[in-house]
2 protein chains.
Amino acid sequence: MISGKFAITIHILTLLTKFPNDFLSSEFIAGSINLNPVLVRKEIANLKANHIVESKEGKNGGTKLAVDSSKLTLKEIFEMTFETIGLGYAKNQPNPDCPVGKKINQNLDALYSEMNQKVSAQLEGISLEDFSNQF
Amino acid sequence: MISGKFAITIHILTLLTKFPNDFLSSEFIAGSINLNPVLVRKEIANLKANHIVESKEGKNGGTKLAVDSSKLTLKEIFEMTFETIGLGYAKNQPNPDCPVGKKINQNLDALYSEMNQKVSAQLEGISLEDFSNQF
DNA sequence: TATATTTGTAACATATTTTATTACAGTATG
DNA sequence: CATACTGTAATAAAATATGTTACAAATATA
């Protein structure tokens with residue numbers, strides 16, 4: 001899951017923020033995203049591993065936020081779901097006998113690294129609460 | 001082609017910048033990228049459509065830069081190959097009857113739009129010449 | 001305690017997207 | 001006129017993303 005991971009996770013977290021006192025079921029959440037509940041549970045597993053949510057098994061179980069939405073920033077969500085941003089790499093290893101092939105990935109890395117810093121700075125300025133308040 | 005398009009295009013352009021007086025064949029370029037020559041020609045077709053390179057058919061044909069590498073910025077290359085950056089969307093249309101589902105994509109759009117502005121500003125400051133000089 | 005409901009997770013299936021290959025007509029060079 | 005390219009279409013293969021089914025384990029509550 002690459003393209004949808006961040007979007008799905010932030011969608012889940014927004015719902016949890018809107019209902020901070022309820023354990024929401026994966027089925028309910030899936031209904032809002034229009035996604036298979038199993039995939040929702042998979043993203044929730046990731047959120048649990050990062051101690052962002054807690055969930056309760058069994059009847060009337062579900063998931064709820066375990067952190068203060070004003071303290072969690074989009075940067076952290078980004079890092080939990082995307083690792084890093086960039087404009088990609090050629091799939092195959094470039095020719096190491098060519099001066100350009102030899103250094104292209106290194107130079108792209110440097111470029112993307114700077115890009116990440118800028119994007120991170122932006123995302124760090126937005127809390128989950130801020131984002132949720134837009135709805 | 002999503003992940004590799006920018007990387008491949010900038011690799012091609014770097015080679016062309018390094019050999020500004022030669023028509024380089026797709027086979028030669030493919031050898032540096034380690035990519036099928038047909039895919040190189042496809043990216044070159046895109047560059048041609050944007051008047052960045054010119055190419056010559058027939059024997060001893062190939063491609064050469066048609067612009068001044070100090071005038072072309074990475075922003076333009078980005079726009080020719082990537083359109084826009086972002087952290088993706090859930091694949092299916094979210095539930096329009098849910099307040100969150102109804103506005104999630106719109107709010108993501110706004111977030112990604114700001115992200116693009118930051119990335120564009122960064123890329124605008126780097127010319128193809130600058131990039132090529134790193135090799 | 002029995003039933004219903006929900007998570008957690010694995011295994012498998014399908015769809016979509018990327019990348020690669022083959023083929024060949026058209027064009028310029030020498 | 002033989003050779004070496006581009007341009008492009010059609011097809012194939014590989015990789016990745018998404019969806020489905022199944023079921024054990026957990027827990028509320030009747």
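The structure displayed is predicted, hence computed values, not measured ones.
In terms of phosphate contacts, S25(B) brings no side-chain nitrogen or oxygen within less than 4.0 Å of OP1 or OP2 of dC5(D). Here K42(B) does not reach the OP1 or OP2 of dA9(D): none of its side-chain N or O atoms lies under 4.0 Å away. Contact check, N60(A) against dT27(D): no side-chain N or O comes under 4.0 Å of OP1 or OP2. For the pair S55(A) and dT6(C), the criterion of a side-chain N or O lying under 4.0 Å from OP1 or OP2 is not met. Between N92(A) and dA20(C) there is a side-chain polar atom (N or O) within less than 4.0 angstrom of OP1 or OP2.
The minimum heavy-atom distance between K64(A) and D22(A), with the atom names listed, is CB-O, 3.4 Å. Taking every heavy atom of both residues into account, I85(B) and F78(B) meet most closely at N-CZ, 3.9 Å. Here the closest non-hydrogen pair linking L15(B) and C98(A) is CD2-SG, 4.1 Å.
At whole-Å resolution of the value, NZ in K64(B) and C1' in dT6(D) are 17 Å apart. Atom C1' of nucleotide dT6(D) and atom CG of L16(B) are separated by 15 Å, given to the nearest angstrom. Atom C1' of nucleotide dA15(D) and atom OH of Y89(A) are separated by 19 Å, given to the nearest angstrom. The distance between atom CG of N36(A) and atom P of dA17(D), rounded to the nearest whole Å, is 17 Å. For the pair K56(B) NZ and dT27(C) C1', the interatomic distance rounds to 12 Å; values are reported in whole Å. Taking atom CD on E43(A) and atom P on dA17(D), their separation rounds to 12 Å, with Å as the unit. To the nearest angstrom, C1' of dA10(C) lies 12 Å from CZ of R41(A). Here the C1' atom of nucleotide dT8(D) and the CD1 atom of I44(B) are 14 Å apart, to the nearest Å.
Nearest-nucleotide positions on DNA chain C place K59(A) closer to the 5' end than the other of E57(B) and K59(A). Ranked by how close their nearest DNA chain D nucleotide is to the 5' end, L24(B) and V38(A) are led by L24(B).
No engagement by T63(B) is indicated, since no non-hydrogen atom pair under 4.0 Å with the nucleic acid exists.
Listed nucleotides dT8(D), dT16(C), dT7(C) differ in distance to A45(B); the shortest reach to its side chain belongs to dT8(D). For L39(A), the side-chain atoms get nearest to dG19(D) when compared with the rest of dA28(C), dT27(C), dG19(D). For K48(A), the listed nucleotide lying nearest its side chain is dG8(C); candidates were dA20(C), dT29(C), dG8(C).
One finds the OG atom of S69(B) at 7.5 Å from the CG atom of N133(B) (value rounded to the nearest 0.5 Å).
For the residue pair N46(A)/N50(A), the side-chain donor-acceptor check at 3.5 Å is satisfied.
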